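All values derive from a computational prediction rather than experimental measurement.
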Amino acid sequence: MPRELITIQVGQCGNQIGRCFWQQALAEHASAAAALGGRATSATYDDCMSSFFRNVDPRSGRDLGVGTPLAALKARAVLVDMEDGVVNETLNGPLGELFDQRQLVTDVYGAGNNWAHGYAAYGPQYGDALLEAVRAAAEKCESLQSFFLMHSMGGGTGSGLGTYLLSLLEDSFPEVLRMVTAVFPSQDDDVVTSPYNAVLALRHLTDHADCAMPVDNQSLLSIAAATATAAAASSIADRGRRSSTGALSSSASSGPGFDGMNSIVASLMADVTASARFPGSLNVDLNEIATNLVPFPRMHYLVSALSPLRVPPPPQQMARRASLPAPERGPRGTMPRLIADALSPTRQLMRCDPARSRFLACSLLLRGDVTVSEANVGVEKLRGSLDMVHWNREGFKVGLCNVPPPGLQRSLLCLSNNCCVAQSFEDLRQQFCKLYTRRAMVHHYTQFVDQSVFDEALESVTALIADYEELNTAPAPAHKQWAEPAF
Ligand SMILES: Nc1nc2c(ncn2[C@@H]2O[C@H](COP(=O)(O)OP(=O)(O)O)[C@@H](O)[C@H]2O)c(=O)[nH]1
Ligand SMILES: [Mg+2]
């Protein structure tokens with residue numbers, strides 16, 4: 001019986017990623033789509049869907065159980081933004097009916113890309129409303145397993161209010177896992193205060209999340225570009241039937257450009273939760289990921305890579321009321337290919353190269369038609385080639401979920417708890433220090449918080465980097481040498 005997850009999307013980035021995520025979640029549960037279109041009455045609400053969705057009688061608002069016909073799906077989600085434009089777009093778009101008023105916490109002014117405004121002003125002001133919305137969602141779960149926070153680190157609302165909410169969750173729901181998908185700014189980010197916001201938020205992510213999957217916009221952008229190229233190539237090869245793929249890449253270039261990037265993050269979240277939702281021969285739920293991949297509480301940053309590239313379903317397929325045709329199956333990647341791609345630095349969702357640094361642990365979450373023995377052969381090869389910390393040489397966690405992502409036969413999500421994240425955090429720390437040595441823009445923050453918060457955040461990120469670096473360079477203890485008898 002799958003356990004439930006509640007997503008909490010905070011700020012512009014969090015809500016735009018959330019929108020992509022819910023589109024993909026609906027596409028994945030495509031067996032329900034016909035009923036969503038109102039044409040088939042035979043589709044029923046099943047266990048797999050219950051992780052992410054409630055099945056609600058639209059007239060009475062009453063929850064209908066597993067096994068009943070689909071009535072109306074509501075997402076187990078809380079939408080939070082202090083500038084309500086993106087949330088309103090979601091509500092007025094094709095996904096609008098997935099959410100009701102009790103799931104929303106919004107204001108109109110925004111946090112001005114200032115972490116301190118989100119954390120210290122909006123936090124206390126909206127803390128009760130946030131908890132109430134989360135409680136309402138939690139009460140509708142039978143066995144709530146995890147919160148899934150989505151936000152950016154570089155702005156004000158997602159970064160400030162998002163991290164404030166994380167400690168509220170820790171206090172009010174200590175037994176529920178706190179997973180986070182955090183979008184880090186690119187080095188040429190438009191938001192000039194983004195290094196401050198990211199480092200200030202990082203301290204709270206380190207202290208209050210159970211597990212975080214950092215992604216950065218530079219990496220997302222280059223993977224999205226590679227995906228668009230792959231999509232264009234496949235549409236040339238297969239022109240007639242897949243002309244819609246071409247429409248997707250042109251909309252990505254004409255729009256704000258975030259759609260393709262956000263869809264990669266949505267795939268990450270779909271894959272990391274797939275094993276908790278769908279059946280499989282080696283199920284790995286989120287608790288097991290946290291248990292196996294996080295050896296020390298603060299060192300909970302998992303670098304992710306998806307293999308193969310995912311071409312998202314065209315927008316018209318993802319509309320809530322549209323019928324979803326059975327996805328076309330792409331080529332069937334071999335295990336060595338999937339693994340090699342997932343370890344390539346060009347595929348990491350964070351600017352990192354895990355294969356060249358030491359692993360604390362590694363997880364391979366496979367979906368589709370991969371057999372246990374194929375997976376074992378893959379892990380065996382990795383065991384010989386990756387640098388694992390000496391006290392966790394067996395630290396591989398493998399998951400096998402039968403249901404592949406739409407459009408693929410098989411896929412791999414590789415999650416690495418790897419010392420290479422230290423370099424990304426060091427780059428961020430240096431950007432922070434460039435501003436902070438001059439105390440530039442600090443006065444915007446000291447309206448809301450004491451300046452000591454800057455020093456504490458700097459200390460926290462410095463210690464985190466040092467922890468990873470120490471593990472990266474620590475020599476393995478020499479094997480005990482048996483002295484040869486002296487005769
Ligand atoms: N990947 C991605 N990044 C975003 C998106 N929207 C904003 N960002 C990034 O998030 C940061 C700004 O934060 P934003 O979410 O707009 O601020 P907030 O609304 O105050 O939380 C910058 O680094 C932006 O590049 C999005 O939809 N996707
Ligand atoms: Mg905003």
Side-chain angles (χ1 to χ4, degrees), residues 1-9 17-18 20-32 45-55 65-67 73-78 98 134 137-138 140-150 169 173 175-181 209-213 265-294 300 302 304-306 310 361-370 372 375 396-406 408 410-415 417:
M1 166 77 191
R3 299 180 58 187
E4 296 93 351
L5 299 113
I6 295 176
T7 66
I8 306 179
Q9 40 203 70
I17 288 178
C20 259
F21 169 74
W22 287 110
Q23 286 168 343
Q24 284 197 21
L26 282 176
E28 270 202 0
H29 291 280
S31 58
Y45 177 68
D46 61 20
D47 269 341
C48 304
M49 301 174 81
S50 69
S51 298
F52 280 163
F53 299 98
R54 296 160 53 215
N55 180 29
V66 164
L73 291 184
K74 295 283 179 217
R76 298 189 193 278
V78 177
L98 275 183
V134 172
K140 299 188 175 93
C141 299
E142 283 183 21
S143 173
L144 174 60
Q145 172 163 59
S146 180
F147 294 117
F148 224 118
L149 175 68
M150 329 171 193
L169 295 176
F173 300 89
E175 73 292 353
V176 182
L177 204 65
R178 293 175 302 284
M179 302 281 294
V180 181
T181 308
D210 288 310
C211 218
M213 296 186 293
V265 185
S267 295
L268 163 64
M269 293 178 45
D271 279 12
V272 80
T273 56
S275 202
R277 292 180 288 139
F278 298 113
S281 35
L282 280 176
N283 265 312
V284 176
D285 75 11
L286 293 173
N287 269 326
E288 285 174 276
I289 290 174
T291 309
N292 284 277
L293 292 183
V294 181
H300 56 232
L302 309 180
S304 54
L306 296 164
R310 313 292 168 81
C362 179
S363 178
L364 303 176
L365 300 177
L366 291 146
R367 299 182 62 177
D369 59 2
V370 181
V372 177
F396 292 93
K397 183 73 187 167
V398 179
L400 286 178
C401 163
N402 295 344
V403 180
L408 294 174
R410 43 173 52 189
S411 70
L412 168 61
L413 163 63
C414 181
L415 294 175
N417 191 343

State, yes or no, whether a side-chain contact exists between [X] and [Y] at a heavy-atom distance under 4.5 Å.
{"X": "R76", "Y": "F148", "result": "no"}
{"X": "E288", "Y": "K397", "result": "yes"}
{"X": "T181", "Y": "F21", "result": "no"}
{"X": "F396", "Y": "N292", "result": "no"}
{"X": "F53", "Y": "L98", "result": "yes"}
{"X": "D285", "Y": "Q145", "result": "yes"}
{"X": "L169", "Y": "I8", "result": "yes"}
{"X": "F147", "Y": "T7", "result": "no"}

Closest heavy-atom pair and its distance - [X], [Y]:
{"X": "M150", "Y": "G18", "result": "SD-CA, 3.6 Å"}
{"X": "V294", "Y": "H300", "result": "CG1-CB, 3.7 Å"}
{"X": "S275", "Y": "C401", "result": "CA-CB, 4.2 Å"}
{"X": "A290", "Y": "C211", "result": "CA-SG, 4.4 Å"}
{"X": "L286", "Y": "M179", "result": "CD2-CE, 3.9 Å"}
{"X": "L364", "Y": "C414", "result": "CD2-SG, 3.9 Å"}

Practice task
Go through R54 and E4 one step at a time and tell me if the salt bridge (Lys or Arg N to Asp or Glu O under 4.0 Å) criterion holds.
Solution key: CA-CA 10 Å; R54 296 160 53 215; E4 296 93 351; over 6 Å; no

Exercise for the section: Show the numbers, then the answer: is there a side chain to side chain contact (heavy atoms under 4.5 Å, CB included) between M49 and L73? Expected result: CA-CA 9 Å; M49 301 174 81; L73 291 184; 3.6 Å; yes

Practice task
Output yes when E142 and R3 qualify as a salt bridge under the 4.0 Å nitrogen-oxygen rule, no when they do not.
Solution key: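 A salt bridge is absent here (no side-chain N lies under 4.0 Å from a carboxylate O).
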
Exercise for the section: Could you tell me whether a side-chain N or O of Q24 sits under 3.5 Å from a main-chain N or O of A270, the two making a donor and an acceptor? Expected result: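 No.
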
Exercise for the section: Say whether, by atom type as modelled, one donor and one acceptor occur between the side chain of N402 and the main chain of G368 under 3.5 angstrom. Expected result: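 Not a single qualifying donor-acceptor pair exists.
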
Problem - The single option from L306, L366, L365 passing side chain to side chain contact (heavy atoms under 4.5 Å, CB included) against D271 - result: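 Filter result, single survivor: L306.
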
Problem - No-hydrogen, no-angle side-chain donor-acceptor test under 3.5 Å, S411 and R367 - result: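 Looking only at side-chain atoms, R367 and S411 do not form any donor-acceptor pair under 3.5 Å.
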
Practice task
Measure the CG-OG distance between L293 and S363 for me, rounded to the nearest 0.5 Å.
Solution key: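 The CG atom of L293 sits 5.0 Å away from the OG atom of S363.
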
Practice task
Hey, could you give me the NZ/CG distance between K74 and N55, rounded to the nearest 0.5 Å?
Solution key: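 It comes to 11.0 Å.
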
